[in-house]
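Reading through the structure tokens given below for one structure.
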Amino acid sequence: MALRMWASSTANALRISGGASKAQLSPAFSLSRCFSTVLEGLKYASSHEWVKHEGSVATIGITDHAQDHLGEVVFVELPEPGTVVSQSSSFGNVESVKATSDVNSPISGEVVEVNPKLSETPGLINTSPYEDGWMIKVKPSNPSELESLLGAKEYTKFCEEEDAAH
């Protein structure tokens, strides 16, 4: 009975109807086996950061998969605006109840903005990794670096394979 209630509430949360032959998921996201959200339209680094390039600015944060593995985030160290970041190099770190981890930039460029909310409320990374929990905004110096990053489907597959190996 408890399992049926859990399945029913999970189906409702995912908007899956009992009689449907296929899941009706919003096209805005896909799910991996571990139920981490992976958004379409973003690019992903294998070090578990995401980037959203809009106009002349790219927003960067860590993925839902990464925050899930980190656990409760308690502190975030970010660079100052004006700092130059390089692709695959650390620009800050995230401290959780489990560990402190470097955060790498998926692209190179100049930091033009830092999320001021994270100094007071670092848990936004856990509750809203793609919206309120973004970390930095960068003016890309080499936009072609985006082509070397993973799309949503590739990143989902990467996470599933990485989790299966552990």
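Source: prediction; values computed, not measured. Start at 1 with the first residue, then count along the sequence.
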Establish, yes or no, whether the cationic atom of K52 lies under 6.0 Å from the six-membered ring centre of W50 and within 45° of the ring axis. no

Say whether S128 and E131, considering side chains only, have a donor N or O and an acceptor N or O under 3.5 Å apart. yes

Between T59 and E54: side-chain donor-acceptor atoms closer than 3.5 Å: no

Pairwise distance [atom1]([X]) to [atom2]([Y]) - rounded to 0.5 angstrom:
X: K157; Y: L150; atom1: NZ; atom2: CG; answer: 11.0 Å
X: K98; Y: H69; atom1: NZ; atom2: NE2; answer: 8.0 Å
X: D102; Y: E77; atom1: CG; atom2: CD; answer: 9.5 Å
X: S90; Y: N104; atom1: OG; atom2: CG; answer: 5.5 Å
X: S105; Y: E49; atom1: OG; atom2: CD; answer: 8.0 Å
X: H53; Y: L149; atom1: NE2; atom2: CG; answer: 11.5 Å

Close side-chain approach of [X] and [Y], heavy atoms under 4.5 Å:
X: S96; Y: Q67; answer: no
X: H48; Y: I62; answer: no
X: V103; Y: I60; answer: no
X: N93; Y: S101; answer: no
X: I136; Y: N115; answer: no
X: H65; Y: E162; answer: yes
X: T37; Y: Y130; answer: yes
X: P140; Y: E145; answer: no

Assess whether side chain to side chain contact (heavy atoms under 4.5 Å, CB included) is satisfied between K137 and V111, documenting all intermediate values. CA-CA 6 Å; K137 293 189 180 191; V111 177; over 6 Å; no

Co-membership, hydrophobic cluster, residues [X] and [Y], 4.5 Å side-chain:
X: L146; Y: V84; result: no
X: F158; Y: L39; result: yes
X: W134; Y: V94; result: no
X: F91; Y: I125; result: yes
X: V114; Y: I107; result: yes

Treating [X] as the side-chain partner and [Y] as the backbone partner, does any N or O pair qualify as donor plus acceptor under 3.5 Å?
X: Q87; Y: P106; result: yes
X: T83; Y: E80; result: yes
X: D64; Y: P129; result: no
X: S108; Y: N142; result: no

Check against side chain to side chain contact (heavy atoms under 4.5 Å, CB included), V138 and V112: CA-CA 5 Å; V138 172; V112 295; 6.0 Å; no

May I ask you to decide if the ring planes of Y44 and Y155 are parallel, tilted or perpendicular, using 30° and 60° as cut-offs? parallel

Decide yes or no on side chain to side chain contact (heavy atoms under 4.5 Å, CB included) for V76 and M135, but give the supporting numbers first. CA-CA 9 Å; V76 180; M135 300 177 114; 3.8 Å; yes

